[in-house]
Amino acid sequence: MRCVYSAIFQRCLLSQRRLTIIRDSIMSIPAYNEIIEENDQTEARLASLNALRELVGNTYPNKFVRSNVSGGEDTITDVKAFGPVAEIVDEIAAVVATLAERERPPAEIKDALNERLRAFGTVRIAGRLTTPPRGNFVHLTDGISKLQVYCDKKGGAALIRNDGKDTLDPENGWNAWKLLDHGDFIGVEGYLFITNTGELSVHIEKLQFLAKAMLPMPDKMHGIADAEIRQRQRYYDLIGSSLQVEHEGLTTREVFEVRAKTISSLRRFLEDNGYVEVETPMLTPKATGAAAKPFKTHHNALDIDLYARIAPELYLKRLVVGGFEKVYELNRNFRNEGISYKHNPEFTMLEFYCAYMDVNGMMDFCEELMRQSVLKATGGFVVNYEGNQVDFSKFERVTMKDAVARYAPQVAVDDTNIVAAFDEHVEHNLIQPTFIIDYPKSISPLSKASPENPEIAERFELFINGMEVANGFSELNDPKEQYERFVDQMSERERGDEEAMVLDEDYIRALSYGMPPAAGIGIGIDRLVMLLTNKHSIRDVILFPHMRPEKKDGEKDGGDAGEAS
RNA sequence: GGUCCGAUAGCUCAGUCGGUAGAGCAAGUGGCUUUUAACCACUGGGUCGCAGGUUCGAGUCCUGCUCGGAUCACCA
């Protein structure tokens, strides 16, 4: 291959340097069949694609317009959920429930229900084939639900040709049906009916081919079991979860539906309470606002180093200074640290700040916020997490000192060892929602000290199932004291603590204009979603978690340097 | 980074003491055509993660590596 390209380019009399650049870039582009492996499965699919092209012209048409029987665009889920249709399905289900194993519902009942279904007229629905289409029946999925469609061999389903004018071919509906593969997309037009087994189906009058699946579908009973494939090829995992016949717990799709509901209900609750959503920089000149190692990059035009933000905290408080009394941001933070079942390099954090509120008010508000979003996302307050019943209707508040005394009474604590003792003995025991309060001031450089005890910060962390889910405090608003706390952090840094907080001079200037008393909080959204979906790993609640890049088969570390030239 | 576990057909998984590579689904051919993971018969499909080693003989035993998972340390 390489010699062929070389010969061509040399004949073109390109300069040697240009030749090298072009040749190398071409050689680095993988061939199509290196990306899509050829095997008996793909060969069969290619053959059926070619045969379908004969019948329909274009095998990748541009659109399919769905009907509006359900009151909006008829997705499969919406048609099945549409009240009058669901009612008929319930009626036949009640009849079927009274029948013996192989017994069929009485014809007169079925016919009467089918007459009612015919009154809805023509429906046009589309989806992916969930099984190979042997026989007359196949289920289509819209990614969430399945609906059965029926193609009658003799009844003469027509085929819609995709040649630009949607011409109708009255002969070939059945022939195209026979060429469909597991995973293909089709659109069908027809009428709703109930089968002999009482299942809602669409009787196809017109069939339109919409798109081909060139790769085989996952196992319909087990989906994708390999965690690596699930995470690298989330699309394949999602397909598998939509095709799967039986499953325990939530499907992958359902996990991300819960995630979406959680986030939208958090937003709604904050907005209902007067909070304004803002967006602050993701690329920041200083990585501060939290204790963590940052990702570093460079801006060429400005010729400055920038850091992916580790927290939006200091920007949000600048906005409190500026008069946003209630402000929130719900977005990604980036931390250049280890990957684990509860750590991803980028993770989603909800941070919000409320002027004139203190740490206790913030805990009250946080409780209500969590309760509401858990209810909206899961339908209840009690969540089963890995065998523990986590009850979001009750939140306990315990001082760090009392917590250590409760779980490790044998340990004598003082200011120097209390955090270590807490981490070692207490954290993993905090299953039910628990606010740990009274943190040492020394590890809380942005928190206001307690009026009662100057060594204690007005700060809490919320623990659920042994995981830190939220962190909040009364915000330190004395610019001079904040400056001194930063200075202490910088000397920690000089002593080798890479994660000690960085001084932000502009933030000191902002505070100097005056910030009202305020409380703030950060809530780890991924971890909250883990709890609500009973997932052990953060990678199961992030669509595309970070992984080491894939290495192709046979690819060696030295690239192609060893090949003959 | 340490420790432990895993990688076998497109997918899900068996593979005993080291002795010719297996099943279900998926695919192909034929039958059937109101089925519920449709069914019946037949057929094709493998670099057993990669590289070495031991052995007459390695999916199996040993070493190294790659990738993944769990866990510990750090972190939210």
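The figures here come from the full heavy-atom set of this structure, side chains too, leaving out hydrogens, waters and symmetry mates. Here is the naming used below: chain letters follow the sequence lines, and residue numbers restart at 1 for every chain.
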Among B:rU12, B:rA76, B:rA37, the nucleotide that comes nearest once only the side chain of A:Ala225 is considered: B:rU12
Ignoring hydrogens and angles, does a donor from either the side chain of A:Asp226 or the base of B:rG68 sit under 3.5 Å from an acceptor on the other? no
With a 4.0 Å cut-off, would you call A:Glu115 and A:Lys110 a salt bridge? no
Touch class at under 4.0 angstrom, heavy-atom based, for A:Lys342 against every strand present: base
A:Leu531 vs A:Asn465 side-chain heavy atoms within contact, under 4.5 Å: yes
Within the structure shown, what part of the strands sits under 4.0 Å from A:Ala291 by heavy-atom distance: base, sugar-phosphate, or nothing? sugar-phosphate
Under 4.0 Å from OP1 or OP2 of B:rA26: is there any side-chain N or O of A:Lys220 that close? yes
Are the ring of A:Phe137 and the six-membered base ring of B:rA38 within the stacking cut-offs of under 5.5 Å and under 30°? no
When you check the phosphate oxygens OP1 and OP2 of B:rA76, does a side-chain N or O of A:Arg527 lie under 4.0 Å from one of them? no
Between A:Arg459 and A:Asp438, does at least one N-O distance fall below 4.0 Å, as a salt bridge requires? no
On RNA chain B, more 5' by nearest nucleotide between A:Ile339 and A:Phe193 is A:Phe193
Have a look at A:Asn336 and say if it touches a base, only the backbone sugar-phosphate, or nothing, with a 4.0 Å heavy-atom cut-off. nothing
Rounded to whole angstrom units, what separation is found between the NE2 atom of A:His139 and the P atom of B:rA37? 9 Å
With under 30° as parallel and over 60° as perpendicular, where do the rings of A:His536 and A:Tyr341 fit, or are they tilted in between? parallel
Separation of B:rG10 P from A:Ile239 CD1 (nearest whole Å): 18 Å
Under the 3.5 angstrom rule, does the side chain of A:Asn136 hit a backbone N or O of A:Cys151 as a donor-acceptor pair? yes
Checking base pairs now: Watson-Crick or wobble, both atom distances under 3.5 Å. What partners B:rG22? B:rC13
NA contact type, A:Gln41, heavy-atom cut-off 4.0 Å: base, sugar-phosphate, or nothing? base
What integer number of Å spans the C1' atoms of B:rC48 and B:rG59? 5 Å
Report the distance from atom CG of A:Asn39 to atom P of B:rG45, rounded to the nearest whole Å. 13 Å
P gap between B:rU54 and B:rU63, integer Å: 15 Å
Whole angstroms only, please: what is the CD1-P distance between A:Ile464 and B:rA76? 17 Å
Would you say B:rU35 has OP1 or OP2 under 4.0 Å from some side-chain N or O of A:Arg104? yes
Of the listed B:rA37, B:rC11, B:rU34, the closest approach to the A:Met221 side chain comes from B:rA37
Work out how far the C1' atom of B:rA9 is from that of B:rG46, and round it to whole angstrom. 6 Å
Which of B:rG69, B:rG24, B:rA76 is nearest the side chain of A:Glu337? It is B:rA76
With rounding to whole Å, what would you report as the distance between B:rC40 and B:rC4 at their C1' atoms? 48 Å
Among B:rC11, B:rA27, B:rG68, which nucleotide sits nearest the side chain of A:Arg232? B:rG68
Touch check for A:Asp526, heavy atoms < 4.0 angstrom, all strands: base, sugar-phosphate only, or nothing? nothing
What nucleic acid atoms does A:Glu461 come within less than 4.0 Å of, heavy atoms only: base, sugar-phosphate, or nothing? nothing
Using atom C1' in both nucleotides, what's the gap between B:rA27 and B:rG45 to the nearest angstrom? 8 Å
Consider the side chain of A:Pro132, meaning its heavy atoms from C-beta on, and name the nucleotide among B:rA27, B:rG69, B:rC67 that approaches it most closely. B:rA27
Any base atoms under 4.0 Å from A:Arg45, or only sugar-phosphate, or nothing? Heavy atoms, all strands. nothing
I'd like the P distance from B:rC50 over to B:rU8, given in whole Å. 10 Å
Nearest-neighbour nucleotide for the A:Thr131 side chain, B:rU33, B:rG10, B:rA38 considered: B:rA38
If you look at every strand shown and take non-hydrogen atoms under 4.0 Å, does A:Gln148 touch a base, only sugar-phosphate, or nothing? base
Between P of B:rU71 and OH of A:Tyr341, the distance in whole Å: 6 Å
N/O donor-acceptor pair under 3.5 Å between A:Arg118 side chain and A:Leu113 backbone: no
Does this structure show an ion pair linking A:Lys317 with A:Glu475, if we count only N-O contacts that are shorter than 4.0 Å? yes
Which part of the nucleic acid, if any, lies within reach of A:Ala44 when heavy atoms closer than 4.0 Å are counted: base, sugar-phosphate only, or nothing? sugar-phosphate
Without decimals, in angstroms, what is the distance between A:Leu243 CG and B:rG10 C1'? 14 Å
Nucleotide B:rC32, atom P - distance to NZ of A:Lys153 in whole Å: 7 Å
Counting only Watson-Crick or G-U wobble pairs whose two distances fall under 3.5 Å, which nucleotide matches B:rA7? B:rU66
Quick test of your reading of the model: are A:Arg539 and A:Glu228 salt-bridged, counting only N-O distances below 4.0 Å? no
B:rC61 -> Watson-Crick or G-U wobble partner, both distances under 3.5 Å, gives B:rG53
Looking only at atom P, what distance separates B:rG18 and B:rC62, rounded to whole Å? 10 Å
Name the closest nucleotide to the A:Ile224 side chain, picking from B:rG68, B:rG28, B:rU12. B:rU12
Describe the nucleic acid contact of A:Met467 in one word from base, sugar-phosphate, nothing, applying a heavy-atom distance below 4.0 Å. nothing
If you look at every strand shown and take non-hydrogen atoms under 4.0 Å, does A:Gly223 touch a base, only sugar-phosphate, or nothing? sugar-phosphate
Taking the side chain as every heavy atom from C-beta outward, state whether A:Met400 and A:Tyr439 have any atom pair closer than 4.5 Å. yes
Quick check for you: among B:rG10, B:rG68, B:rU12, whose closest atom lies nearest to any side-chain atom of A:Tyr236? B:rG10
Given RNA chain B, 5'-ward residue of the pair A:Glu199 and A:Pro216, judged by closest heavy atom: A:Pro216
How far does the C1' atom of B:rU34 sit from the matching atom of B:rG28, given to the nearest Å? 26 Å
Check every strand shown and say whether A:Gly524 touches a base, only sugar-phosphate, or nothing at a heavy-atom separation below 4.0 Å. nothing
Between C1' on B:rG46 and CG on A:Asp40, what's the gap in Å once rounded to a whole number? 11 Å
By nearest atom, which of the nucleotides B:rC67, B:rA37, B:rA70 is closest to the A:His536 side chain? B:rA70
